[in-house]
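Beneath this line is the structure, given in C-alpha cells, with notes to follow.
For ligands, and for the atoms within them, numbers begin at 1 and follow the listed sequence. Residue numbers run from 1 in the order of the sequence given.
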Amino acid sequence: MNPAEQTHAAKLIGAIGSRAQLSLNGKWKYIIDGYETGAFGFMPVWKDAKPKSKSDRLEYSFDASPTLWVPGDWNSQDDKLFYYEGRIWHRRLFEIPEEMREQRLFLYFDAINYKAEVYFNNEKLGEHEGGFTPFNLEITGKLRDGENSLIVAVDNRRRGDAIPSNVTDWWNYGGITRDVRLVALDSTFIRNFHFQLAKGSANHASGWVELDGEKLPESVEVELPELGLKESFTVDDTGKARIELDLPGLQRWSPDNPKLYDVTIRAGESSVSDKIGFRTLETRGMELLLNGKPMFLRGVCYHEENAVRGGRAWSVEDAKRFLGYAKELNCNFVRLAHYPHNENIIRLADEWGILLWGELPLYWGIHWGDDQVLENAKRQMGEMINRDRNRAAVIIWSICNETGRTEPRNKFLKAMADHVRSLDDTRLVSAALQPDKIEGTGKKVISDALGEQLDVIALNQYIGWYDGLPDACKTSDYEVRFDKPLIISEFGAGALFGFHGDKETRWTEEFQAWVYRESFPMLERIANFRGCAPWVLVDFRTPLRMLPGIQDGWNRKGLVSERGERKQAFFIVQEYYRKRLE
Ligand code: GCB
C-alpha cells in the first residue's frame, strides 16, 4: 500500500460520526523522543519490543510509561510538556470486537498536530502532515487475535516550509488533539458524498456519491423521507454516481430556521445517513445573499481553545460553551480562525444556525515558491472540504490570512482559489487582507490583487490599536477597489479583564470598549460593509504575548477572559448586533 495514496484527501471517509465504530479515545501510553531517534536509533520505540530474558537490553518501555488522554494536547496535560516542541510516541492497545473483524477496517484520526507517523502491529501504515484535518488508513487484513498495537509518533516541531510556518500568534499545541476511531465498513462502502443545492438553484440539489470496493452496484439510492423522495442514480465504472434531484416543498436552512433533513444513501447492502441543510449562497455586486436575501454577518473570531479548562478545544461541550458566547453576543456568524476546527463545532453550528468561515493556516510567512508547500496546502484544503462539504453552516472557505504581496504568493493563492472551486463551487472564497495607506490622508484602500480571485473581500484592520488611537476612526475611511461585499475579518484591542482606568489607558477594559465604540461608525461608512468579526471571542495562549502582569502568555484581545469573564467590550458588540437585528 502506498502511504501517500492513503492519506490523499479525495479518499477521506465522509460523515464519519454515523459509521459503525469503536472509539480509541482514552489513556494512551507515551514516550518522549527529544532527539527524534525512536524510528531508527538504538531505541526503536515503534517496535514496542518486550525483553525476552532478564539479560535482554531494552532502553524503553511503553508498558512502564505514563499516559496522556486522547484526545488532548500534551502541553496542557503535564507541566513539563507545556513548552515542549518535538516528537512524542503514543501507544494504544485494543481488541477488535468479533462483529467488526470480518469488515473492512480503518483507523480515522480527526486531527494530529502536526506530523503523524502511524504504525499498526509493528508495520508502518502511513504518514500525515497538517495539524487540523482528518485522515484515515486502512488496516483490513492486518489484525492480530487478542491485542492489537497502534503506535503514533507525533511531531509538532515548527518548520519554515510547513503550514502554518514558523511564527504564529497562537500556541503550538502538540498531540493527538481530536478523536481517534476504528471504523468498520462493508467490502464496498460509500466513501463520501456531496449533496447540496446546485449553484444558482433554490430547490434543485446536485452532487455525487463515491463508492469504494471491488464489487460495484449498478446504482445508488438517495432518500429524504421527510420530503417523500427516494431516487436511484447510476454508478459509473469508477464507482461514482452523479445525483440530480428536485426538492419540492423544501424548507431552506438559515440562521432563523436551521432546518436539517435526514438523508440516507444506499449502495447495495451498504448505507450511510446524515442530517443535511439546504440553502443558497451568492454575491451580487456588494451584496451577500443567503436564500436570495441580502444579509449582514454579525460575527466573531474564535480560536479552537478551551482557555477555561486549558488546552485545545475538541468536544461537543467545548463547542456549546463557545458558540454559546457567540449566541449571547447576538452573532449569526463565526470565523473559525486560523485553521480547520473540529467537526463537533461545525455540526453544532449547523444545528444552531450559525454561519461559518473555514480557514487554512496559510498565515504570515509561508514558503510560497515551494511546490511541495502548494501540494500540502491543496491536500489540507481538500481534507477540510471533504469533511465539511455537506454542512449548510459553512459559507466561506478562506485561503489565507495577512500574507505579504509578492508574485509567488499571488500565483500560489490563485492556484488555491481554483483548487477550492474545483472541489466545491457552492461556497464563497475569501481571504483576510490588509489595507494600503494613501499617504497624507486618512484614507485607506483595499486594492490587493488577490481580491480579483475572491468572492468576498475580507479585511483585518486595527485602527485604534496598532494604528493610532481610537479617535483616528473618526477621520479614517476605507475604500474597497472591488465591487464585492466586504467583511471586516478582524478588529479590536487588548484588555486585561478587571483592569480599569480612564479610556486613554492601554490594556484597560475602558480602552478596549472605546476602540469598539469608535470602530462601528467608521465601518458603517464603508459602502461594501456586509459583516464583521471582532478579534477575538476569548483570550488565547500565545508565545508572542509575554508582557508581565498584563499578557503573561495570553493575547488579551478577547471579549471574554480565559476564565469566562465578559469584558466591557463584550456588551458593546452585543448591543451593536442587537441594533443590527432591528
Ligand atoms: C492579526 C492576526 C491574528 C493576531 C491578531 C493580533 O492580524 O491575524 O492572528 O492574533 O492580529 O492580535 O494582533
Side-chain angles (χ1 to χ4, degrees), residues 113 131-132 158 162-173 299-305 307 312-313 322 334-341 357-366 396 398-405 409 413 430-437 444 446 448 450 454 456-470 478 486-497 506-507 509 511-512 515-516 519 523 531-547 550-562 567 569-570 573:
N113 190 42
F132 303 97
R158 287 164 297 113
I163 302 170
S165 188
N166 268 323
V167 182
T168 63
D169 189 15
W170 70 81
W171 206 263
N172 179 25
Y173 290 110
V300 71
C301 297
Y302 169 58
H303 259 295
E304 189 190 50
E305 190 177 51
R312 277 255 167 264
F322 298 101
V334 174
R335 175 184 179 198
L336 299 175
H338 279 298
Y339 37 75
H341 286 219
W357 155 307
E359 176 167 347
L360 213 64
L362 290 168
Y363 179 99
W364 294 356
I366 295 290
I396 288 173
S398 172
I399 54 174
C400 73
N401 179 78
E402 293 185 355
T403 50
R405 276 171 256 172
R409 170 266 202 178
L413 292 174
S430 191
L433 310 178
Q434 290 164 301
D436 294 310
K437 281 187 194 171
K444 297 184 184 211
I446 296 116
D448 186 335
L450 181 60
L454 309 177
V456 176
I457 308 293
L459 175 70
N460 293 352
Q461 76 81 33
Y462 283 95
I463 295 180
W465 182 253
Y466 292 124
D467 189 0
L469 287 174
Y478 285 105
L486 171 78
I487 300 172
I488 303 297
S489 37
E490 285 180 31
F491 65 118
L496 178 66
F497 173 82
R506 250 318 135 167
W507 305 111
E509 287 192 47
F511 189 106
Q512 187 190 34
V515 170
Y516 280 99
S519 297
L523 301 181
C532 59
W535 186 259
V536 57
L537 183 59
V538 189
D539 289 353
F540 59 93
R541 276 205 185 279
T542 163
L544 294 195
R545 315 286 174 172
M546 287 301 182
L547 181 66
I550 300 284
Q551 295 176 315
D552 299 309
W554 296 88
N555 183 314
R556 292 289 179 206
K557 296 190 191 72
L559 299 173
V560 177
S561 80
E562 80 278 22
K567 304 179 193 173
F570 182 95
V573 175

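Of the residues K557, K567, R545, the one that meets the salt bridge (Lys or Arg N to Asp or Glu O under 4.0 Å) test with D539 is K567. For the side chain to side chain contact (heavy atoms under 4.5 Å, CB included) with N401, the qualifying choice from N460, L362, L433 is N460, the only one to do so.
Every residue two or more places apart in sequence or in another chain that forms a salt bridge (charged side-chain N to carboxylate O under 4.0 Å, His left out) with D448 is listed here: R405, R409. Residues passing the ring-ring contact (aromatic ring centres under 6.0 Å, His included) test with Y339 are F132, W170, H303, H341, sequence neighbours excluded. In terms of the side-chain contact (heavy atoms from CB on, under 4.5 Å) criterion, residue partners of A313 (sequence neighbours excluded) are, by chain and number, Y302, E304, N306, D318.
Judged purely by atom type and a 3.5 angstrom limit, R506 uses its side chain to pair as donor or acceptor with the backbone of W465.
Residues lining ligand 1 at a heavy-atom distance below 4.0 Å are given as D169, H338, Y363, N401, E402, N460, Y462, Y466, E490, W535, F540, R545, N555, K557, ordered by chain and residue number.
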